[in-house]
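Reviewing the structure listed below.
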Amino acid sequence: MSSKDVVLSRVRKALADVPDDEQPQDVPVPRSYLRVHGERTAVGTVALLADNLEDYRALVHHCTGDELPGLVARLLADRGARTVVAPGGLPEGWLAMAVADGVERVPDAPDVTARRLDAVDSVVTGCAVAVAETGTLVLDAGAGQGRRRITLVPDHHICVVRVPEQVVDSVPQALEQLDPTRPLTWISGPSATSDIELDRVEGVHGPRVLEVVLLAG
Amino acid sequence: MSGTYLGMPAFPRAAALSSQDKTLRGNLRHATHTIRAKRAKAVDELADWDRLREAGAAVKNRTLRHLDHYLEQVEAAVTAAGGQVHWAADAAEANRIVTGLVQATGETEVVKVKSMATQEIGLNDALAEAGITACETDLAELIVQLGDDLPSHILVPAIHRNRSEIREIFRDRMADWGRPAPDGLTDTPAELAEAARLHLREKFLRAKVGISGANFVVAETGTLVVVESEGNGRMCLTLPETLISVVGIEKIVPAWQDLEIFLQLLPRSSTAERMNPYTSMWTGTSDDDGPRTFHLVLLDNGRTDTLADTVGRQALRCIRCSACLNVCPVYERAGGHAYGSPYPGPIGAILTPQIRGTDSELDASLPYASTLCGACYEVCPVAIDIPEVLVHLRERVAEGGEVTRRGTRVKVKPAKGHAAERAAMRASRWLLDRPGALRAGQRALSRSRRFHPKRMPGPGRAWTDSRDLPPAPAESFRDWWARTRGEGRNP
Ligand code: SF4
């Protein structure tokens, strides 16, 4: 007998009390919990996102499309960034001003190793969806987001969220929009740990500075 | 690592020692009391908490009652997405499989994300025997590993260490494993975290093999989910070429949609956050992004035996949030090591005797390591009735009966007159000698009153005979909690 057969036969024996004709969906799952907590306007939802992001020490900025290249250039300059990873599909203009200022653009190519990324200062990406109730950004490796490693190894991540389009209220709404076949990373604030006396400290292995740009229009 | 638990003294003796350790008690008290209040606040934010909890329990029940179906679904989905699935009936087999997979890569160093399943099977020791170094990358696990220590809490394995002890460990031991601690390291948490970042960065960058567990596996899609804070998980899950995930068969949830329940329940229950900093989800392998080879090892190791017990089965719903540890008056006084397994606290007291059996003195004494106050049940996000299972297991220890061991029905003898009975007695007495633990428990008792028979079966009499069962307090646990926050009154 293979180990698979052993385990499955043990499971079946263990479940002798379950009637033979019971189907999985016969076991009731009451889904009376809320899809959204509270009522908000679209503006209110974006404001809640900003509040919750800040509560977990992300730095939140607001701007319009015209202002974005200047803002990105300033945020990079403020950190003294000289190199920035730009994933494929990132709108051209977003980095235009930073590049004009002399910041080197590093593409997200397969030959850019983790070690190379470790020497890069910053990364600029978009996201797939943002969750207001929890202050979460979800990246799905789609256009403008790149491979998972580029938002992990550099110490400074600037993530641009289009508001209100990309913002949902709740975790249930976010899951509805996401594709499980894509690699997904849910980010709520910068890297942190509660391992020293159960107290949250920001900054361990992931980016220690997370800046979120809420882009309107 | 579990190998080192072998030969540990039974709960009462270990607890008697650890409860005399003032530093340990102080560390534990400080940490658990901090997180209790935060958790309550995070939970109060959600008006539908009770409904989420009910749904979470129901989803897990559905999974468990049809586990064979879902296991086959997981295998099919993961395989279709490019992963390879292995089945391990016990710890030894899981260790063999993982060791073989690592050896096949030719690597002698692996990076690990904190995983209860790999602690349970003693994977690091098995790898070490094969000449493979497993580097723990979770901060608390690193503290435990560098300190040559054992984990004492599910979420924060080094909860028994305070910041100055952690500084000592980093200063003395980091150099043995790689990059030494920075000169002049102080004990501020931010500096300690920075030291860990520097120490581990090099290991992440060169790692070719990562080993993880998973918090959830979605049967319909074959998606694995790892919930973490530091980013060490993301490093291990995305940078290596090969990823091996060892996952208990009870970690399955049927559908993608079910994650909407657990991603709300888990972070608030465990770290008291609306959401933990990082959650990774992956389905098989993807081109150019993350490991090119992915292995999923499905682990039984006593879980099917637990499943066979219709009362004890509910322990398999556990999502390892550790909320029950943080509210437990016995855990707070005894410390995690006294439970003699990677699963301490109330969940350990019901899970360990089921997955390992109650043959050893230690395991037989675990069901007695409780005042049955019910605080654990109150906070459990999947509503595991821990007191009910404790009483059930006490009966089993005291009176013997039919159980399943490695898939076979066997009869266990009553503990009467055996070492197990004496160990259980001592566990009960240890509690009697801890007025603080009992009082904290008794104030909370009304909620679980129905689990208190007039006389405890067997060794429990050491408790019930020597004192009248406390009258159920007029206050409910919740009221008591709201009034006292667990502070002040219990020494
Ligand atoms: S038993 Fe419940 S409270 Fe305890 S760790 Fe498991 S899920 Fe959390």
Side-chain angles (χ1 to χ4, degrees), chain A residues 2-4 6-15 17-18 22 24 27-34 37 52 56 110 114-115 118 133-136 141 147-149 152 171-172 175 180-201 203-206, chain B residues 30-31 34-35 46 48 51-52 54-55 58-59 61-62 65-69 87-89 93 139-140 156 162-163 166 189-190 192-193 197 205 221 223 229-232 234-235 238-239 256 259-260 263-264 271 274-275 277-283 286 288-290 300 304 307-308 310 407:
Chain A
S2 71
S3 294
K4 174 181 173 182
V6 170
V7 175
L8 286 175
S9 91
R10 285 180 185 174
V11 170
R12 286 174 189 133
K13 265 208 289 198
L15 294 171
D17 61 304
V18 176
E22 181 181 298
V27 184
V29 174
R31 293 188 198 267
S32 57
Y33 50 86
L34 303 172
H37 296 90
N52 284 335
Y56 286 155
R115 206 168 280 283
D118 193 37
E133 286 183 7
T134 57
T136 304
R147 293 177 303 162
R148 286 171 285 176
R149 59 179 56 192
L152 174 63
V171 170
L175 282 159
T181 65
R182 307 189 68 90
L184 300 173
T185 306
W186 297 52
I187 299 172
S188 309
S191 159
T193 181
S194 303
D195 281 359
I196 301 166
E197 300 174 7
L198 272 175
D199 211 6
R200 182 167 164 137
V201 188
V204 198
H205 304 295
Chain B
H30 170 69
T34 309
I35 195 80
L46 297 188
D48 58 339
R51 282 173 278 167
L52 282 166
E54 191 189 0
V59 167
N61 284 346
R62 176 183 280 183
R65 284 178 75 85
H66 296 276
L67 192 56
D68 50 339
H69 165 77
W87 301 69
E93 187 174 20
L139 179 52
V156 191
N162 63 34
R163 55 186 77 186
I166 296 169
L192 295 171
R197 177 185 172 96
L205 295 180
T221 58
T223 307
S229 296
E230 297 166 16
N232 63 309
R234 294 180 65 195
M235 293 275 180
T238 54
L239 296 186
W256 176 249
L259 291 177
E260 71 190 18
L263 289 181
Q264 296 191 74
T271 45
R274 288 184 200 100
M275 192 60 90
Y278 297 131
T279 297
S280 295
M281 303 181 180
W282 73 99
T283 306
S286 16
D288 294 336
D289 188 353
D300 177 353
T304 50
L307 188 67
T310 52

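First the proteins, then the strands, lettered A, B, ... as listed; each starts at 1. All values derive from a computational prediction rather than experimental measurement.
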All heavy atoms of B:His69 vs all of A:Pro24, minimum pair found to be CD2-CG, 3.7 Å

For A:Val7 and B:Asp300, the nearest pair of non-hydrogen atoms, with its separation, is CG2-CB, 4.1 Å

Spatial distance of atom [atom1] ([X]) from atom [atom2] ([Y]) [nearest 0.5 Å]:
X: A:Thr134; Y: B:Leu263; atom1: OG1; atom2: CG; value: 9.5 Å
X: A:Arg31; Y: B:Arg51; atom1: CZ; atom2: CZ; value: 14.5 Å
X: B:Thr279; Y: A:Trp186; atom1: OG1; atom2: CH2; value: 7.5 Å
X: A:Thr193; Y: B:Leu139; atom1: OG1; atom2: CG; value: 4.5 Å
X: A:Leu15; Y: B:Asp68; atom1: CG; atom2: CG; value: 6.5 Å
X: B:Arg234; Y: A:Ile187; atom1: CZ; atom2: CD1; value: 4.5 Å

Notebook entry, point to check: For A:Glu133 and B:Met275, what are the C-alpha separation, side-chain angles and deciding distance, and is it a side chain to side chain contact (heavy atoms under 4.5 Å, CB included)?
Noted result: CA-CA 9 Å; A:Glu133 286 183 7; B:Met275 192 60 90; over 6 Å; no

Structural part of [X] lying under 4.5 Å from a heavy atom of chain B:
X: A:Thr136; result: side chain
X: A:Val201; result: side chain
X: A:Lys13; result: side chain
X: A:Pro28; result: backbone

Select one option (side chain, backbone, both, neither) describing which atoms of [X] are under 4.5 Å from chain A's heavy atoms.
X: B:Ile166; result: side chain
X: B:Thr238; result: both
X: B:Gln264; result: side chain

Heaviest contributor of heavy-atom pairs below 4.5 Å to chain B, chosen from A:Pro190, A:Pro180, A:Ser191, is A:Pro180

>> As a quick check of understanding, evaluate side chain to side chain contact (heavy atoms under 4.5 Å, CB included) for B:Trp87 and A:Val6, giving each step before the final call.
In response: CA-CA 9 Å; B:Trp87 301 69; A:Val6 170; over 6 Å; no

* Asked: Short question: side chain of A:Arg148, backbone of B:Asp289 - any donor-acceptor pair under 3.5 Å?
  -> yes

